[in-house]
There are 4 protein chains.
Amino acid sequence: MNTKINRPKYNQIIDAAVKVIAENGYHASQVSKIAKQAGVADGTIYLYFKNKEDILVSLFQEKMGDFISKIEKAIEKETDAIEKLRLLISMHFNQLAEDHHLAIVTQLELRQSSKELRLKINEVLKGYFIMIDQVVSAGIDQGLFQSDLNNKMVRQMIFGTLDEIVTNWIMKDHKYDLVQQVDEVLELIVNGLAVKN
Amino acid sequence: MNTKINRPKYNQIIDAAVKVIAENGYHASQVSKIAKQAGVADGTIYLYFKNKEDILVSLFQEKMGDFISKIEKAIEKETDAIEKLRLLISMHFNQLAEDHHLAIVTQLELRQSSKELRLKINEVLKGYFIMIDQVVSAGIDQGLFQSDLNNKMVRQMIFGTLDEIVTNWIMKDHKYDLVQQVDEVLELIVNGLAVKN
Amino acid sequence: MNTKINRPKYNQIIDAAVKVIAENGYHASQVSKIAKQAGVADGTIYLYFKNKEDILVSLFQEKMGDFISKIEKAIEKETDAIEKLRLLISMHFNQLAEDHHLAIVTQLELRQSSKELRLKINEVLKGYFIMIDQVVSAGIDQGLFQSDLNNKMVRQMIFGTLDEIVTNWIMKDHKYDLVQQVDEVLELIVNGLAVKN
Amino acid sequence: MNTKINRPKYNQIIDAAVKVIAENGYHASQVSKIAKQAGVADGTIYLYFKNKEDILVSLFQEKMGDFISKIEKAIEKETDAIEKLRLLISMHFNQLAEDHHLAIVTQLELRQSSKELRLKINEVLKGYFIMIDQVVSAGIDQGLFQSDLNNKMVRQMIFGTLDEIVTNWIMKDHKYDLVQQVDEVLELIVNGLAVKN
DNA sequence: CATGAATGAGTGTTCATTCAT
DNA sequence: TATGAATGAACACTCATTCAT
């Protein structure tokens, strides 16, 4: 597969898949339904994707690629590690809050896929994990974060927290404002539960 | 469904389901395979469970019920909120480390079930969430945790962190010792990333 | 698969396959059509056969097994090699003349199957080839046939001749009497084209 | 279809079909594969052939046309009927032995085509059958063959024998020399199995 | 209570053919 | 003539569930 430039059908199909999966759920999203939503014939799908799983992997790669690189570009302009972290959380929440369909697909529907697909999804997430690691390292270098932090564990804490918060928000049908929680989450991650003295 | 007392087949089937799903994966775990592992006929399954999903929900209820009530009993003997939290983390990790099959099923395989099943699973988890809330409240009452904490968010942070850590451990094939990370996780949750002064 | 005794559905399905293939042709004989003709559900087919090809192989094995063993039993009662050969030809023609459906399936339809299936079909035919070889050997031993015959080539001549004659008869829609040609064919095989002196 | 003169692509496509079918088997020989082998676009095929079946029929017509007319030219130079028959067998074997691809396609692969295709193939073979009939008639006229032979049956015997021998040779992967069997086959056809006196 | 043979709805994928360029 | 992207009909097989015994 080449770049997505000048491959309008490729993107049509991916966008159709996001919509169909978000609205019908993973298991009710037949290839024929995606094709119809994309306005192409069933067979056309297979000119652009190897099989059904490949649609989903590609979907995740394209969308999460965008998701991650937007965060990346934003935080590299900022020097202060805590501000970097705030931006990361803010953009994580913002991007998902702006695209409910995508949020549903990545947080809920794609997780009920096969182990093999989830391994490929994890591959994509590695880029995000590395970015978190770099923010934490920067914080340590800047004397803002404790120097003896277990980097991997911190990353799991940050990602696990954000992921759980977004998933809960979606399960509550986006009834409250996700984005206004950014500062509170940041505060919690940075300072923990304990009373300071 | 009655109580599980004197319903040996009921438990046979649930234990068979855990084993079959852990070893074959969710999608390769047909009812007939579970029946064979349990040593009963396919049709017998339906004398104890409404349908396949009901096996999985019941499995989760039984196993998570145990899981939660063991933690509950342990932490109620402790008064100090931080020690309660340490125990909660410790027992969370311990119980999953002691039963790899169960860990695989609850952390990975059951998550590829339908949205409906996951809603029921969340129902079961509510008991755990309440327990976390109580620990946090106790900490606030005891002057150990900040009084203006957003209780729901704190719970999402704690659960999200523990869940992500356990899932990573399983995806790395249990290659390292989960239990020895307890204190480090506790420290991170209680004190956050920031340098104290 | 056990013996066919007490497996009524097994035989129902095979007989349905013969009828459906003879009437609709190989390529228009879907599993669902065979199931309907057999009076069972589609899925039932797969309780008795591994897959569609297995129906065809089994069909051939069952029917050709009968076909061959009937000829076998008949010719072993006869001692004279030429009479054995006459019986072989006679029963070959008779059995196919008596079951037009089976004749169509084995002579025409099953030959448009995949190379793999045809290899398995050849396996079954080996029993027939051995029988022909034995008749020829007997004829040599009895001083009736030439002693320097190439046994394999003779077998190919006999089988090729019978097969071509039956196929032509079927392609002419069984319009003439196959069985009354037995003596003429025997004469041709035994004495060849040449004028005797 | 016009004559093949000045229709280079027409022959390119037919030769590509022979190669592709011989190497991949009938069922794995998609139109697109033949087009690629021929060095033309898929759509171009349909400028020269009505549909896929038409490629195969034309292939058979072209190749068998050659096959038959070469035999025809050879035997008309010979007057003795037995020598005619020897030449016919010899050239039948020789031509197929010299072009393994063609032999595989005509003896094995094309036979797994639909009944309709095989009817058209038979049409082409009629020319060959007539030629055999003429050789047999010549033999009778020359007093070499019995006068009361059933011409049609003799033709089926001769063709069935040659066809079966060639098919066996191909199924044994051309492991032995087909051509050196000519005299033995001729002897068998002319004199039959019986001892002469 | 227990059995297990039978059911039948549901779907990803292929590939011959078309037609706008 | 020539192209090749797009089409869409067609089908074997699985497996959760039932029910006669």
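Letters A, B, ... mirror the listed sequences (proteins, then strands); counts begin at 1. The shown structure was predicted, so the numbers you read here are calculated from the model rather than taken from an experiment.
- Nearer the 5' end of DNA chain F, as judged by each residue's closest nucleotide, is the contact made by G43(C), out of G43(C) and E53(B).
- Of all nucleotides present, only dA9(F) satisfies the Watson-Crick or G-U wobble test against dT14(E), with each distance under 3.5 Å.
- At least one donor-acceptor pair closer than 3.5 Å links the side chain of K33(B) to the backbone N or O of A28(B).
- OP1 or OP2 of dC19(F) has not a single side-chain nitrogen or oxygen of Y46(B) nearer than 4.0 Å.
- Neither OP1 nor OP2 of dC15(F) sits under 4.0 Å from any side-chain N or O of S32(B).
- Each of dA6(E), dT13(E), dT7(F) was ranked by its minimum atom distance to the side chain of V40(A); first place goes to dT7(F).
- I45(A) has its CD1 atom 15 Å from the P atom of dT11(E), to the nearest Å.
- One can place NZ of K50(C) at 12 Å from P of dT14(F), the figure rounded to the nearest angstrom.
- The two residues L110(B) and L59(B) come nearest to each other via the heavy atoms CD2-CD2, 4.5 Å.
- When the P atom of dC11(F) is taken as reference, atom NZ of K36(C) falls 14 Å away, rounded to whole Å.
- Checked for salt-bridge contact, E123(A) and K120(A) miss the test: no charged N lies under 4.0 Å from a carboxylate O.
- The shortest distance between the side-chain N/O atoms of T44(C) and the OP1/OP2 oxygens of dA6(E) is not below 4.0 Å.
- Whole-Å rounding puts the L47(A) CG to dC15(E) P distance at 13 Å.
- Nearest heavy atoms, Q30(C) versus K52(C): CA-NZ, 4.3 Å.
- When the P atom of dA5(F) is taken as reference, atom CG of D42(A) falls 19 Å away, rounded to whole Å.
- Counting to the nearest Å, the P atom of dT14(F) and the NZ atom of K33(B) are 12 Å from each other.
- Taking a pair to require two hydrogen-bonding distances under 3.5 Å in either a Watson-Crick or a G-U wobble arrangement, dT21(F) pairs with dA2(E).
- As judged by a 4.0 angstrom heavy-atom cut-off over every strand, V31(C) is placed among residues touching the sugar-phosphate backbone only.
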Derivation of the side chain to side chain contact (heavy atoms under 4.5 Å, CB included) call for K19(C) and V105(C) | CA-CA 9 Å; K19(C) 186 162 196 289; V105(C) 171; over 6 Å; no
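- Among the nucleotides dG8(F), dT17(E), dA2(F), the one closest to any side-chain atom of N51(D) is dT17(E).
- The shortest distance between the side-chain N/O atoms of K9(C) and the OP1/OP2 oxygens of dA6(E) is below 4.0 Å.
- In this entry the distance linking CZ of F49(D) with C1' of dT18(E) reads 18 Å, nearest Å.
- If you find the closest nucleotide of DNA chain F to H27(B) and to A41(A), the one lying nearer the 5' end belongs to A41(A).
- Between dA12(F), dA16(E), dA2(E), one nucleotide has an atom nearer to the side chain of Q30(C) than all others, and that is dA12(F).
- Atom C1' of nucleotide dG12(E) and atom CG of D54(A) are separated by 14 Å, given to the nearest angstrom.
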